[in-house]
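Per chain, numbering begins at 1; letters A, B, ... match sequence-line order.
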Amino acid sequence: MLEIQRLRSDKDGVLTGLLKRNIDATNTINEILEIDSLWRSSKTELETIFAELNQLSRKIGVFFKEGKQEEASQLKLETISLKGKESDLKLKVDEMESKITALLYSLPNVPHADVAQGKSPEENEQIASYGELPVFSFSAMPHWDLVKKYDLIDFELGVKVTGAGFPFYRGKGAKLQRALISFFLDEADKAGYEEFITPLLVNEASGIGTGQLPDKEGQMYHSPEDDLYLIPTAEVPLTNIYRDVILPNEDFSIKLTGYTPCFRREAGSYGKDVRGLNRLHQFDKVEIVRIENPKNSERALKEMVEHVRELLVKLELPFRVLRLCGGDMGFASAMTFDFEVYSAAQEKWLEVSSVSRFDTFQSNRLKLRYKDEQKKSQLCHTLNGSALALPRILAALLENNQTPDGIKIPRVLQSYTGFSIIQ
RNA sequence: GGUGGGAUGGGUGAGUGGCUGAAACCAACAGUUUGCUAAACUGUCGUACGGGUAACUGUACCGCGAGUUCGAAUCUCGCUCCCACCGCCA
């Protein structure tokens, strides 16, 4: 949620920023500011009434103590008309507040100055690439055939036991999965992130805190009996650790990581691009989360991008890094870098990581603050990124490393898997 | 699932209708003292919003939401959560 102070002080900046998302928010913001100024004057009026009532009550109390019944009842009469005004005004003020909140919730984050305008993924800027695209002297198999050939993943079994998008990993497929998780966590640990094992179900307040609720309700699995949501990413439990927290000073840098399964309903995304491991209802991911002083968030973003880059280099996968254009960025993000690995048999780039800075957009909802030098509360900046999401990494590893003799395991994983080739 | 008990500031905890935004203690922070540390003493010590350049000031908040009352942390009702014991279970 954008801060209303920002709309008051820099309306034009916000408007031009949102244009990068191809959103013309003029009407919304004008409406917010109109209601806001009316709200402020009404609020002042209301508080004056409260102040008068408080004073009268105090006097009545004193009169009663002194036994002056007459004077007290006199004053009681005065409160009646004030109370009438109060309840009318209070209704209006409440109405205005919820209207403002609803309008603020509807506005996405303002893209950072360096973000380009654009409508679709084609307009994302490629800022780096690494590795060579594999060439095969034989006809390469897509991963959904490879996993069948080598008994690594059983999609049909998943359909039987649960439904589409819930695969079984088995044998070396399961081991490889576990190896990747351990590798990612170890790398995060080396980079100074504290590891967590988090709850996989969260309450409504947490969903609101990180922005999944109320807008993206349909994307999460929900247990109505207990009113709990299955997490779509570890970002939710990890970031919500710091919901309603005020850090005591301005000298902090919080780095969290965690492996969790992620659950996504993916309502409405059927058909192409969902084959095999490309899009699942349940998948594994290691997430990194940072909470930073605003002055350090730019550096933090760079470090996170570098961290993800290193992971992919070590896995020997060809990849490219994109800075997303305004139109392709997530609702809460101010800047996002996507990492895509090349999947050789599908001949496609697959998104395996998304690293974003949210500035104060999340912390405003989370009420996550720190005390500055003047001991004033300021909103923190939050950032997060996948490091990494497993299924598409697995898809690319299998496809790119296939040989007539089997699938070769990257060197860095071999100590984790205990084998160097899948035959 | 059953039965009880509870929810007050960073923590412990007092407070059953008015001068209580909230005692006291602890913790924390600043200062005095000190060769250093400790101790002692002094002071500060919630959040949000509104008004004001500012000093400051008004209002709201004692789990959440309603109600009674001139006035509610305190009384009434509903809800949520937590704890303990029993049952069941990894």
Side-chain angles (χ1 to χ4, degrees), chain A residues 1-9 32-105 197 199-209 213-214 222-229 237 240-252 254 360 362-380:
Chain A
M1 180 164 64
L2 290 175
E3 296 159 82
I4 191 152
Q5 294 90 331
R6 187 169 175 189
L7 298 186
R8 287 183 196 144
S9 64
I32 291 174
L33 292 177
E34 248 169 63
I35 300 174
D36 180 56
S37 92
L38 190 59
W39 171 79
R40 280 196 280 175
S41 58
S42 307
K43 181 92 173 167
T44 309
E45 203 184 325
L46 184 61
E47 287 183 352
T48 312
I49 294 175
F50 279 141
E52 286 174 32
L53 279 172
N54 285 344
Q55 275 187 355
L56 284 175
S57 301
R58 227 164 281 151
K59 281 188 201 159
I60 292 170
V62 173
F63 279 142
F64 269 124
K65 269 214 176 120
E66 296 171 350
K68 298 178 178 167
Q69 303 287 337
E70 292 265 316
E71 287 87 337
S73 343
Q74 197 75 22
L75 285 187
K76 273 198 199 180
L77 290 177
E78 280 186 47
T79 63
I80 293 172
S81 71
L82 275 178
K83 290 189 87 180
K85 275 203 277 180
E86 181 227 281
S87 58
D88 281 358
L89 203 52
K90 183 141 189 345
L91 272 178
K92 281 188 204 156
V93 168
D94 287 348
E95 227 168 79
M96 287 187 254
E97 280 173 5
S98 51
K99 184 81 187 161
I100 289 174
T101 310
L103 287 168
L104 281 176
Y105 270 150
I197 294 175
L200 303 181
L201 289 126
V202 294
N203 58 27
E204 189 187 18
S206 296
I208 290 171
L213 295 174
H222 180 226
S223 162
E225 292 266 301
D226 306 288
D227 201 15
L228 294 173
Y229 296 84
N240 272 286
I241 293 171
Y242 286 90
R243 169 157 48 83
D244 291 320
V245 166
I246 301 177
L247 300 164
N249 57 58
E250 58 177 11
D251 188 24
F252 63 92
I254 295 165
T360 59
Q362 285 187 327
S363 58
N364 192 24
R365 277 201 196 185
L366 289 161
K367 296 200 178 65
L368 164 52
R369 291 161 290 182
Y370 69 95
K371 293 280 194 186
D372 68 13
E373 270 183 344
Q374 284 79 46
K375 295 289 166 205
K376 285 205 154 190
S377 299
Q378 306 285 353
L379 292 171
C380 300

Residues forming a side-chain hydrogen bond (donor to acceptor under 3.5 Å, both in side chains) with Y370(A), sequence neighbours excluded: none

Rounded distance (Å) that lies between atom C1' of A48(B) and atom CZ of R369(A): 8 Å

Taking every non-hydrogen atom, the tightest pair across L7(A) and L104(A): CD1-CD2, 3.6 Å

Inter-nucleotide P distance (C75(B), C81(B)), Å rounded: 23 Å

I49(A) to L82(A) - nearest heavy-atom pair and separation: CG2-O, 3.8 Å

Nearest-0.5 Å distance that lies between atom CD in E95(A) and atom CD1 in I35(A): 10.0 Å

Distance in angstrom units between R40(A) CZ and G52(B) P, rounded: 9 Å

Strand contacts (RNA chain B) in residues 84-93 of chain A, 4.0 angstrom heavy-atom criterion: none

R58(A): partners by salt bridge (Lys or Arg N to Asp or Glu O under 4.0 Å), with sequence neighbours left out: none

G65(B) to G50(B) separation - C1' atoms, rounded to the nearest Å: 24 Å

Contacts of type side chain to side chain contact (heavy atoms under 4.5 Å, CB included), residue K376(A), not counting sequence neighbours: D372(A), Q374(A), Q378(A)

Integer angstrom distance from the P of C64(B) to that of A73(B): 12 Å

Gap between atoms CG and C1', on N364(A) and C49(B) respectively (whole Å): 14 Å

Rounded distance in Å - CD1 (I100(A)) to P (G50(B)): 10 Å

d(NZ, K59(A); P, C19(B)) in whole Å: 17 Å

side-chain hydrogen bond (donor to acceptor under 3.5 Å, both in side chains) partners of residues 69-78 of chain A, not counting sequence neighbours, each pair once: none

U33(B) to G15(B) separation - P atoms, rounded to the nearest Å: 41 Å

Between U74(B) and A66(B) - P atom distance, rounded Å: 14 Å

Pairing stems for RNA chain B [at least three consecutive pairs; Watson-Crick or G-U; under 3.5 angstrom]: B:1-7 with B:80-86, B:10-12 with B:24-26, B:28-32 with B:40-44, B:46-51 with B:56-61, B:63-67 with B:75-79

Short side-chain N/O contact to G50(B) OP1/OP2 from S41(A), under 4.0 Å: no

Footprint string (nucleotides 59-76 of chain B, 5' to 3'): B base within contact, S backbone only, - free, heavy atoms under 4.0 Å: BS---------BS-----

Salt bridge (Lys or Arg N to Asp or Glu O under 4.0 Å) involving D94(A) - partner list, sequence neighbours excluded: K90(A)

Side-chain (S363(A)) to main-chain (C380(A)) donor-acceptor, under 3.5 angstrom: yes

Nucleotide G10(B), atom P - distance to OH of Y370(A) in whole Å: 20 Å

Pairwise P distance, C56(B) and C79(B) [rounded to whole Å]: 46 Å

Residue R8(A), side-chain heavy atoms: nucleotide from G50(B), C49(B), C19(B) that is nearest: G50(B)

Pairwise C1' distance for G78(B) and C25(B), with rounding to whole Å: 36 Å

Under the side chain to side chain contact (heavy atoms under 4.5 Å, CB included) test, residues paired with E66(A) that sit two or more places apart: V62(A), F63(A), K68(A)

Of K65(A) and S377(A), the one whose closest RNA chain B nucleotide lies more 5': K65(A)

Qualifying salt bridge (Lys or Arg N to Asp or Glu O under 4.0 Å) pairs, either residue in residues 33-45 of chain A, two or more places apart: R8(A)-D36(A), D36(A)-R40(A), K43(A)-E97(A)

Rounded distance in Å - CG (L75(A)) to P (G18(B)): 19 Å

Distance, P atom - from G43(B) to A23(B), rounded to whole angstrom: 15 Å

Counterpart residues, side-chain hydrogen bond (donor to acceptor under 3.5 Å, both in side chains), relative to K99(A) (two or more places apart): none

Length of the CG-P vector between D94(A) and C49(B), whole Å: 17 Å

D227(A): partners by side chain to side chain contact (heavy atoms under 4.5 Å, CB included), with sequence neighbours left out: E204(A), H222(A), Y229(A)

